[in-house]
Amino acid sequence: MIHLPPITGAGLQQALRATALAALLALAGCAAQQQHSEGLKLLAEGQPEPGLNALRKASELEPDNARYRIDFLAQRQTLTQRRLDEADRLLAQNRLDPAAAAYRGALALSAGNDLAERGLAQVEARKRAEQTLRQAEKKAAEGQLESAAELLRKLLRDQPGQAEALKLQTELAERAEAQRLAKAEQLGLQGAFKRPVTLQFRNAALPLVFEAIARATNVNIVLDRDVRTDLRSTIFVKDASVEDAVDMLLMQNQLEKRVLNSNSMIIYPSTSAKQKDYAEMHVRNFQLSNIDAAHMANLIKTMVKTKDIVADARSNTLVMRDSAEAIAIAERMVAAADQPDAEVMLEVEVLELTNGRSMNLGTEWPMAISLSVPTVGTGPNNAVDLSDLKGLRRGQLLVNALSAKLNLKLEDSDTNILASPRIRSRNKEKAQILVGDKLPVITNLLTPQTSGTNNVLTGSIQYVDVGIKLEVEPQVHGDGDVSIKLKLEVSSVTNQLTTQSGLAYQIGTRSTQTTLRLHDGETQIMAGLINNQDRNTASKVPGIGQLPVLGRLFRNDATERLKTEILLSITPHIIRPLASLSADQATVFTGTDAMVRARPMRLDPIETLKLGPATPATPAAAPGRSPVLSAPPAPAALPQASPAPEAAPAAGQAAPPAAPAGPSAGSTMPGINAPTARPMPGRTPMTEAGGSAPAGAKTP
């Protein structure tokens, strides 16, 4: 019998408490299980919020249950990510209020989620940007272009890719440029450099030629103090623009110009010191997408001869500091070189066909019979000597067991290994395909120790690729062809070797390497990689095994035939063709070897003068016609710049006074202080050096 101690009052209370606690734990466990099952059921029915709340309650009721905790966290992560994806989609559609609600829903599921908080910040930034954009549009409508442009600059600093802001900024820039051009045209400054002019000077002083051009065309020309006053020029051009005529004079005398405004320029010598003083420098940032910045920098250095250029490899950005002419040339070079690379999709099929037959037929007889004697003898070290052999009895000779085995085996095998990968590669970029295994090859290195008898054994594992290995390098041509450098290697394990270092493999390899040129979509099949093996092995009992019929019972024949053939099919498809350059991109004008220019030197006629019949009056320049700036034929005479009289008046009007005679030979500035006839308003004076017009001059 078992005697239990009596339960006192305190013990009874402790027992009751333990029982109540156990009952509560059991009830909690049942409730947790019920909540967990209910949560999974609600999730399966498409009610995520109630289901997740039930899983949370199950995890709280039984916090030590890892399964409840894992299910709750996994479902919460899934639902939160779903809300975030929906919010990102709404934000991309610029639906700000629904996107904010979705982000708040994600935060309600997962408090403190960083992606949801950043999404809400983006929504708020978008709303502020919308308000700023509306303000900029309002100011632009009121004509306050500068204020609107400043608001857009602030907006784009926070939202660099805001499409509406970029579009409005472009529109404001176009409107501001249009207003500037309209103002310049109103002031009569826009066409100053484009006005037609006719120059007829022979061995004339260059400063006087510039002065005559300035007086006749209303262009302000300032000469640097280092421009030589003894420079002379001979030029005969008709109806050329002022800009082209001045450029021709500058090229003749190794001078350069800097345009100050719409009708002003300064002329200075073309020396490195003066270029540093006058040439305006600009900094241009090029964000390259397809070409390497360092390569583009070397290209610009070589072609444009610029020095201040930096390539940022991190952002693939090119920063260049040079004149406006050099930067304009660099922009065209970047536009021509920064083209996307061509891409090719290669459809490859590799088929390996293996046919094999192995046969093992016959009887395997023992190849040798061995006799042995007892190992203990009377000689030194218990060796057996001749005296021991004399005393051997028949029962002491040991013979190895003799056995024969009958082999009846015939095995046929057919194997087809097919690999059909598709690989997309850029132009002139290598691509590799490996379909197979990596076999481990263990190499052990034994290092002897100088102290002690134990050596150190060090092992290393190297992996060898076994299978189908294809390496291709496509090149897209402009005519739609694709050149492919192809290298195919097929390897397999032919034998396993057991060495002291471990297990080694004997690998058979077949490879080919060639270059193809195929049309887009053309299929090329390569075959002929055939491996044919035929092995026959015969094990015979000498003598009797060679008999014609009876010998079949005393021999074993093993035959193995293996034939393997590999076929390769490759088809290129051009996904992105080679970028073709337009005529404007293919040829870029860079000026001369000594001077960088963005446009070639030209003398295109602006307007052709139509000469009428001869009249005794001196011709005058009609409105819109080119003023004639000329010099007399004699080389010793200095040019004169004096307006010619107006053409014959209409009927009923008084004739204007005749043109005065030319100045004396000793005049310092001929024609400047001489009395001249005042031209009629709206007319452009015709300036002619050398005095009055000769007889027989023609009127336009």
Side-chain angles (χ1 to χ4, degrees), residues 181 183-202 204-224 227 231-253 255-268 599 601-611 618-631 638-647 659 669-674 676-690 693 700:
L181 294 177
K183 184 177 180 180
E185 185 177 2
Q186 183 180 2
L187 296 175
L189 302 178
Q190 178 187 5
F193 292 148
K194 300 299 181 182
R195 293 176 180 173
V197 66
T198 297
L199 302 180
Q200 299 176 7
F201 290 98
R202 180 183 289 111
L206 187 62
L208 298 182
V209 175
F210 283 135
E211 183 175 354
I213 294 175
R215 287 178 176 274
T217 61
N218 196 27
V219 173
N220 301 323
I221 300 178
V222 181
L223 299 180
D224 184 82
V227 175
L231 295 176
R232 310 188 73 83
S233 177
T234 298
I235 183 172
F236 297 92
V237 297
K238 183 178 180 180
D239 297 326
S241 66
V242 175
E243 182 180 13
D244 293 341
V246 170
D247 288 343
M248 190 62 64
L249 292 172
L250 298 180
M251 186 179 65
Q252 288 180 348
N253 298 276
L255 300 174
E256 291 188 17
K257 74 175 187 299
R258 174 182 170 184
V259 178
L260 303 178
N261 54 33
S262 299
N263 72 327
S264 302
M265 69 176 70
I266 184 170
I267 308 298
Y268 59 91
R599 66 182 188 88
M601 184 77 68
R602 297 179 182 271
L603 280 176
D604 297 329
I606 302 298
E607 182 178 355
T608 303
L609 291 177
K610 297 180 181 179
L611 303 180
T618 302
R625 305 286 181 159
S626 61
V628 180
L629 309 180
S630 61
L638 292 176
Q640 175 182 351
S642 59
E646 288 292 322
M669 298 292 290
I672 295 179
N673 298 322
T676 59
R678 296 184 178 274
M680 295 181 65
R683 299 293 184 124
T684 302
M686 176 176 290
T687 306
E688 183 176 356

Trace of the side chain to side chain contact (heavy atoms under 4.5 Å, CB included) decision for F201 with L208 = CA-CA 10 Å; F201 290 98; L208 298 182; over 6 Å; no
Show the numbers, then the answer: is there a side chain to side chain contact (heavy atoms under 4.5 Å, CB included) between F236 and R202?
-> CA-CA 8 Å; F236 297 92; R202 180 183 289 111; 3.7 Å; yes
Would you please test L223 and Y268 for side chain to side chain contact (heavy atoms under 4.5 Å, CB included) and show each step?
-> CA-CA 6 Å; L223 299 180; Y268 59 91; over 6 Å; no
R195 vs N218, side chain to side chain contact (heavy atoms under 4.5 Å, CB included): CA-CA, chis, key distance, verdict | CA-CA 10 Å; R195 293 176 180 173; N218 196 27; 3.5 Å; yes
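Put simply, the side chain of K257 reaches to within 4.5 Å of the side chain of D247, judged on heavy atoms. Between L199 and I213, some side-chain heavy-atom pair lies under the 4.5 Å cut-off. Side-chain contact check for D239 versus T198: some heavy-atom pair is nearer than 4.5 Å. N220 places none of its side-chain heavy atoms less than 4.5 Å from the side chain of M265. Contact check for L250 versus I267: side-chain heavy atoms found under the 4.5 Å cut-off. Using a 4.5 Å cut-off on side-chain heavy atoms (C-beta onward), I266 and L260 make contact. With a 4.5 Å cut-off on side-chain heavy atoms, F193 and V259 count as touching.
Checked by atom type and distance alone, the side chain of N253 pairs as donor or acceptor with a backbone atom of L249 at under 3.5 Å.
The two residues P207 and L231 have their closest heavy-atom pair at CD-O, 4.1 Å. Shortest non-hydrogen contact noted between Q252 and S233 is OE1-OG, 2.7 Å.
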